[in-house]
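Pasting in a structure now, in C-alpha cells, and then I'll have a few things to ask.
Throughout, protein chains are lettered first and strands after them, A, B, ... in sequence-line order, and every chain is numbered starting at 1. Scope of the values below: all heavy atoms of this structure, side chains included, with no hydrogens, waters or symmetry mates.
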Protein chains: 2
Amino acid sequence: MTSPVTSPATPIRLLLADDHPVVRAGLRAVLETEPGFEVVADVPTAEEAVELAGRCEVDVVLMDLQFGGRMLGSQATAAITARAGAPRVLVLTTYDTDADILAAIEAGATGYLLKDAPPEELAAAVRTAAAGKSALAPTIALRLMDRMRTPATALSRRETEVLQLVADGLSNAAISKRLFLSQATVKSHLVHIYSKLGVDSRTSAVAAATAKGLIRR
Amino acid sequence: MTSPVTSPATPIRLLLADDHPVVRAGLRAVLETEPGFEVVADVPTAEEAVELAGRCEVDVVLMDLQFGGRMLGSQATAAITARAGAPRVLVLTTYDTDADILAAIEAGATGYLLKDAPPEELAAAVRTAAAGKSALAPTIALRLMDRMRTPATALSRRETEVLQLVADGLSNAAISKRLFLSQATVKSHLVHIYSKLGVDSRTSAVAAATAKGLIRR
DNA sequence: TCGGGCATCAACCGAAGGGTTGATGCCGGG
DNA sequence: CCCGGCATCAACCCTTCGGTTGATGCCCGA
C-alpha cells in the first residue's frame with residue numbers, strides 16, 4: 001500500500017490556559033510526548049488565553065474554569081468562541097457541578113474534561129475536539145443525562161443564580177439588590193427552587209443543591 | 001576554603017502521590033529539571049504512597065490531600081510519618097481550609113503547599129523539607145497566624161455540632177430534637193456562633209464556616 | 001475561691017423568611 | 001395560535017429565626 005498516512009502534515013496546535021504552573025507543565029509533558037500535537041503556548045490567565053487565541057494559529061484551547069483572578073474560564077471561552085474561525089475550546093477542570101458544565105457548554109465549549117482524566121483520554125478528547133466533535137468525559141455525560149431525565153431537578157439559570165447567592169450567605173434583601181430585583185421576585189424564585197428540590201427552607205435548599213452539585217461549594 | 005560543599009553527592013529522592021496523572025507529570029517535569037532532585041516514583045493512590053515510602057529509600061514525599069478513593073492524604077501522611085526514619089511529607093493541595101491544614105500538620109506533615117505555587121517556590125519548599133525544616137506557603141502561614149490571633153474563630157465542640165446540622169439544612173426545631181436540647185439552647189449556640197464568625201444569619205454562618213473549613217461540606 | 005467559658009433553658013419581641021394568591025409579559029414548542 | 005414555563009412583581013398572613021435579657025450548673029485555671 002502506498003499509504004500516504006501517518007503523516008502529521010499539520011499537527012494539532014494547542015494553547016494551554018491554567019493558573020497552576022504545575023498543571024501547565026503536566027499538560028505540556030503529557031501532550032508533547034503524544035504524536036501529532038504541538039503546544040503553541042501556555043498561559044496563566046484567562047485574559048491572556050483570549051488574547052493569544054486571537055493572535056496565534058491555534059486549533060484547540062485547553063481551558064481551566066477557575067482562575068485565581070477575576071475573569072472566569074467560561075467568560076474566556078465565550079470570548080474565544082464568539083469570533084469567526086475561532087479555535088475549539090476544551091474545558092478542563094477539577095469540578096463537575098451542573099452549573100459549571102452548563103456555563104461552559106453555553107459559552108461554546110466543544111468538550112468538558114476532568115483533570116483526573118488519564119493521558120490517553122485527554123489525548124483522545126483533544127483529537128475529537130480538533131475534529132470539531134463534542135468531547136465529554138463519561139462522568140459529565142452521565143450527569144447531563146441525569147439532568148435530562150429528571151427535569152424537576154433542573155433549576156433555571158436565574159434560579160441557580162439566586163440559590164448560589166443564598167449559599168454565599170446573602171439575605172433576600174441583599175440578593176434582590178445584587179440582582180436588581182424586588183424581594184418578591186427573589187422569594188418567588190426561592191419557592192420554585194424549594195419545590196424543585198423537595199425542601200422547605202433556604203438552608204436545606206443549599207444543602208440539597210450542594211449534594212447534587214447544582215451550585216459551587 | 002577547602003569547601004566540601006556544593007556536591008549533590010546524594011540527590012534528594014522524591015516520591016509523588018497524586019491521583020491526577022496530569023499533576024504527577026507536571027511535578028515530574030518541574031522537579032526533574034531542577035538539579036539535585038531525583039523522582040523515585042509517582043503513585044496515584046494514598047495506599048501506594050504509604051507502601052512505597054516504607055519500601056524505598058525516599059527523602060521527601062509530595063502528598064496530595066484529596067484522593068478519589070477512600071484513604072485520605074492526611075491518613076497516609078500519619079501512616080508514613082509514624083515509622084522511624086520516615087521520609088518527610090510535604091503536603092501539596094489545591095485547598096487551604098483550616099480543617100485540611102490542621103489535619104495535615106497534626107498528621108506530621110513537614111510542610112504545606114498550594115498547587116498554584118510557582119516552580120521555584122515548590123523546589124525551595126522541597127529542599128527546606130528535606131532539611132527537616134518546616135515549609136509553609138505564605139497563604140498558609142497567614143491563615144495559621146490568623147487562627148492563633150483570633151481564638152474566637154475556634155468554635156466549641158457543641159457549637160460545631162450544631163452548625164454542621166444547620167449546614168445540613170435542619171431547622172432549629174429539628175436540631176433541638178436531634179441533640180435532645182430545647183430550641184432556646186440551639187438559638188443560644190447559634191448566637192455565639194454568629195458572634196464568633198462575625199455573621200448574622202444561619203446561611204451566612206454556613207458560608208463563612210465552609211470557607212474557613214470549620215465544617216465539612 | 002472566684003472568675004470565666006461552656007452548656008443549658010425561659011420568655012419576649014421585632015424582623016426576616018416562608019407560603020399563597022394573583023397578575024403581567026415574554027418566548028418557544030406542539 | 002395557544003399553552004406552559006420562565007421571569008417579574010404586589011399584597012397578605014403566619015412561622016421561624018434572630019437578638020436580648022437573665023438565669024442555672026459545671027468545670028477549669030488563675
Check: Do you know which two heavy atoms are closest between B:Ala207 and A:Gly169, and how far apart they sit?
Finding: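 Smallest interatomic distance, heavy atoms only, reads CB-N, 4.0 Å.
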
Margin query: Is it the case that atom CZ in A:Arg178 sees more than 12 heavy atoms from other parts of the structure closer than 6.0 Å?
Written below: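 Check fails, neighbour count at 12 or below.
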
Note to self: What is the distance, to the nearest angstrom, from the CD atom on A:Glu159 to the P atom on D:dG5?
What the structure shows: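 One finds 12 Å between P of D:dG5 and CD of A:Glu159, rounded.
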
Note to self: When the axes are fitted on five pairs at both termini, how much does the helix from C:dT1-D:dA30 to C:dG30-D:dC1 curve, in 10° steps?
What the structure shows: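 One end axis against the other gives 40°.
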
Note to self: Looking at D:dA7, I'd like to know if its phosphate oxygens (OP1 or OP2) sit under 4.0 Å from a side-chain N or O belonging to A:Ser156.
What the structure shows: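 Checking A:Ser156 against D:dA7: at least one side-chain N or O falls below 4.0 Å of OP1 or OP2.
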
Check: What are the two closest non-hydrogen atoms of B:Ser204 and B:Asp200, and how far apart are they?
Finding: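 Closest approach of B:Ser204 to B:Asp200, heavy atoms only: OG-N, 3.8 Å.
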
Margin query: Testing the basics here: between B:Leu214 and B:Thr160, what is the closest heavy-atom pair and its distance to 0.1 Å?
Written below: O-CG2, 4.0 Å

Checklist line | A:Arg83 atom CZ, neighbour heavy-atom count above 12 within 6.0 Å | finding: yes

Note to self: Please give me the minimum heavy-atom distance between A:Ala76 and A:Met63, naming the atom from each residue.
What the structure shows: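 Closest approach of A:Ala76 to A:Met63: CB-CE, 3.7 Å.
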
Check: Do you know the tightest heavy-atom contact between B:Val126 and B:Val60?
Finding: O-CG2, 4.1 Å

Next item on the list: Calculate the interatomic distance between A:Leu190 atom CG and C:dA16 atom P; express it in whole Å.
Entry: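 About 16 Å, once rounded to whole Å.
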
Next item on the list: Round to the nearest Å and state the distance from B:Leu163 atom CG to C:dC6 atom P.
Entry: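 These atoms are roughly 15 Å apart.
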
Next item on the list: Find the distance A:Leu165:CG to C:dG17:P and express it as a whole number of Å.
Entry: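 Rounded to whole Å, this separation is 13 Å.
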
Check: What one-letter contact string describes nucleotides 25-30 of chain D from 5' to 3', where B marks a base within less than 4.0 Å of any protein heavy atom, S marks contact via sugar-phosphate atoms alone, and - marks no contact?
Finding: ------

Notebook entry, point to check: Do the side-chain N and O atoms of B:Ser182 and B:Thr185 include a donor-acceptor pair separated by under 3.5 angstrom?
Noted result: yes

Note to self: Nearest 0.5 angstrom please: B:Gln164 CD to B:Ile175 CD1, how far?
What the structure shows: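 Those atoms lie 10.5 Å apart.
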
Next item on the list: Summarise how protein sits on nucleotides 8-17 of chain D as a single string, 5' to 3': B when a protein heavy atom is under 4.0 Å from the base, S for sugar-phosphate-only contact, - for no contact.
Entry: BBB------S

Item checked: Rounded distance (nearest 0.5 Å) linking atom CG of B:Leu114 with atom OG1 of B:Thr94 ->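 Between B:Leu114 CG and B:Thr94 OG1, I get 8.0 Å after rounding to 0.5 Å.
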
Check: Expressed in angstrom and rounded to an integer, what is the separation of B:Arg157 atom CZ from C:dC6 atom P?
Finding: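 That distance rounds to 13 Å.
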
Notebook entry, point to check: Over how many whole Å does the gap from A:Ile193 atom CD1 to C:dG18 atom P extend?
Noted result: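 Atom CD1 in A:Ile193 sits about 11 Å away from atom P in C:dG18.
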
Notebook entry, point to check: Which atom names give the shortest non-hydrogen contact between A:Leu197 and A:Ala209, and what distance separates them?
Noted result: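 It is CD1-CB, 4.2 Å.
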
